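Letters A, B, ... are given to chains in the order of the sequence lines, protein chains preceding strands, and every chain is numbered from 1. Because the structure is predicted, anything quoted here is derived from the model rather than measured.
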Amino acid sequence: MSSPIALAIHGGAGVLKPGRLSEEDENDIHAWLHRAISAGHRILEADGDSLDAVEACVIQLEECPWFNAGYGAVFTQDGTHELDAAIMRGRDRNAGAIAGARHARQPIHAARQVMEYSDHVMLGGSGVDAFLASRGLQPVDNDFFDTPLRRQQWEEHRHSNGAMALEPTHAEGHKFG
Amino acid sequence: TVGAVALDIHGHVAAATSTGGITNKRYGRIGDTPLIGAGTWADDRSAAISATGHGEYFIRTAVAHDIAARMQYGGVDLTTACNAVVHGELKEIGGDGGVIAIAPNGDTCLIFNTPGMYRAWRDEKGTLHTAIYADD
């Protein structure tokens, strides 16, 4: 007997109120969301695995500069990017996670590599890059993740009040998630 | 933060989450990392969950595992568990954000305590939907 299939995705949550985004931007976001969920949906419709489906969705979302993961990730105080990701399989509760990665082209894929090819649940910092290199994955320069919008937001925060760095606010443009 | 949860035809759930943290973070802060149990969880006995929001509050309330535990040990359904955690446990200590979750029976929840959350889902008829604001 086959199970029903189900799928859901998210970008960030926060101060998203009608009128703050242009209609053009809203349409662009809807298109990205549809593209991302469609990637996973095709896998599920073809009787594929839920783990492959969630990875496919998140890889698409990581490519979208509207969301804070992968390309378009926010800047740290020192002007670089640190990326985090986790993946988990419900069948056996196997899991993999990375924290503070700097050169992983697709962070969620890196997390899956940790899950499937390491003896560990979570790797952090430079260890992530070393592990990925051992797996033959090509690193990218950290500035690959830069976008003009994120740099502008970082500049505004850096010059307005650097002390707010550790305390996320609800101010517009202050990405969290 | 981005994430996905899925249930496949074989009855297995999975969850994935990816983020860059908060703007201007320092000291190697990992407060927004989707830790297993806080921001990400998948267990065929309960649900798959991915979270987005103020990460350190999600860690303190072990959001993803709390939802799963309420279902597994307390016998509540997915929507009840998600509402209790996102609008209760999390909000009570000031945590803003939301979760997406899917149970092995196909139940799907997208719940948040903020004015909006970028999101998309498949309904029971197979139609895909996208939304941004709470009222969408």
Side-chain angles (χ1 to χ4, degrees), chain A residues 2-18 29-30 33-34 37 40-41 44 47 49-51 53-55 57-58 61-62 67-69 73-74 76-77 81-91 93 95 97 99-100 107-108 153-154 157 165 168 174-177, chain B residues 1-26 28-30 32-36 39-44 48 50 52-54 96-98 100 102 104-106 108 110 112 114-122 124 128 130 132-133:
Chain A
S2 62
S3 163
I5 63 173
L7 182 64
I9 65 172
H10 65 78
V15 185
L16 308 169
K17 293 180 179 175
I29 291 167
H30 281 290
L33 288 168
H34 194 272
I37 196 168
H41 194 231
L44 294 178
D47 300 347
D49 188 278
S50 55
L51 195 72
V54 295
E55 183 185 15
C57 289
V58 170
L61 292 165
E62 286 175 342
F67 308 128
N68 176 29
V74 297
T76 62
Q77 189 176 58
H81 306 274
E82 294 176 351
L83 302 122
D84 319 307
I87 193 165
M88 188 168 185
R89 182 168 64 198
R91 175 163 52 86
R93 279 172 288 158
I108 196 63
Q153 291 171 340
W154 173 65
H157 283 293
H174 189 100
K175 286 291 292 184
F176 68 86
Chain B
T1 301
V2 304
V5 290
L7 167 67
D8 63 32
I9 196 169
H10 312 291
H12 300 308
V13 297
T17 318
S18 182
T19 191
I22 63 167
T23 305
N24 229 20
K25 66 180 176 180
R26 55 183 171 174
R29 181 182 187 273
I30 58 168
D32 292 304
T33 299
L35 298 178
I36 299 298
T40 308
W41 187 257
D43 186 339
D44 282 358
S50 176
T52 176
H54 280 178
D96 289 338
I100 56 172
I102 283 176
N105 67 0
T108 303
L110 301 95
F112 47 99
T114 51
M117 180 171 79
Y118 300 123
R119 61 201 187 277
W121 67 99
R122 177 194 193 274
E124 63 273 17
L128 302 179
T130 62
I132 298 176
Y133 309 112

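B/D8 and A/I5 make their closest contact through C-CG2, 3.9 Å (heavy atoms, listed as atom of the first residue, atom of the second, distance). The nearest pair of heavy atoms linking B/N105 to A/P4 is O-CG, 3.7 Å. Shown here for A/A69 and B/V2, the closest heavy-atom pair between the two residues is CB-CG2, 3.8 Å. Smallest separation of non-hydrogen atoms from A/V54 and B/A14: CG1-O, 3.5 Å. Contact record, A/S3 with B/H10: CB-C, 4.3 Å, taken as the closest heavy-atom pair. The two residues B/A120 and A/I37 have their closest heavy-atom pair at C-CD1, 3.6 Å.
Of the atoms belonging to A/L33, heavy atoms from both backbone and side chain fall under 4.5 Å from chain B. For chain B, the nearby part of A/I29 is the side chain; its heavy atoms alone come within less than 4.5 Å. Of the atoms belonging to B/S50, heavy atoms from both backbone and side chain fall under 4.5 Å from chain A. Only the side chain of A/H41 comes within contact range of chain B, judged by heavy atoms closer than 4.5 Å.
Two residues are said to be in side-chain contact when any heavy atoms from C-beta on lie closer than 4.5 Å; B/L128 and A/H34 meet this criterion. In this structure, the side chains of B/P34 and A/D84 come closer than 4.5 Å at one or more pairs of heavy atoms.
Interface check for chain A: of the options B/G3, B/G11, B/P104, the most heavy-atom pairs under 4.5 Å are formed by B/G3. Note: B/I100 leads B/I100, B/T40, B/T108 in heavy-atom pairs under 4.5 Å with chain A. Your options are A/E55, A/H30, A/H81, and the one with the most heavy-atom pairs under 4.5 Å with chain B is A/H30. Contacts with chain B were tallied for A/T76, A/L51, A/L61, A/I87; A/T76 has the most, counting heavy-atom pairs under 4.5 Å.
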Apply side chain to side chain donor-acceptor pair (under 3.5 Å) to A/E62 and B/S18, showing your working.
CA-CA 8 Å; A/E62 286 175 342; B/S18 182; 2.6 Å; yes

Evaluate side chain to side chain donor-acceptor pair (under 3.5 Å) for B/H12 paired with A/S50, printing each intermediate quantity in order.
CA-CA 7 Å; B/H12 300 308; A/S50 55; over 6 Å; no

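For the side-chain hydrogen bond (donor to acceptor under 3.5 Å, both in side chains) test, residues two or more places apart in sequence or in another chain that qualify with A/W154 are B/N24. Remark: A/D49 pairs with no residue by the side-chain hydrogen bond (donor to acceptor under 3.5 Å, both in side chains) rule, at least two apart or across chains.
We find the CD1-OG1 distance between A/I9 and B/T17 to be 12.5 Å, quoted to the nearest 0.5 Å. Distance check, rounded to the nearest 0.5 Å: CD of A/E82 to OG1 of B/T33 gives 9.0 Å. For the atom pair B/T1 OG1 and A/H10 NE2, the distance stands at 7.0 Å (nearest 0.5 Å). The line from CH2 of B/W121 to CG of A/L7 is 12.0 Å long, rounded to the nearest 0.5 Å.
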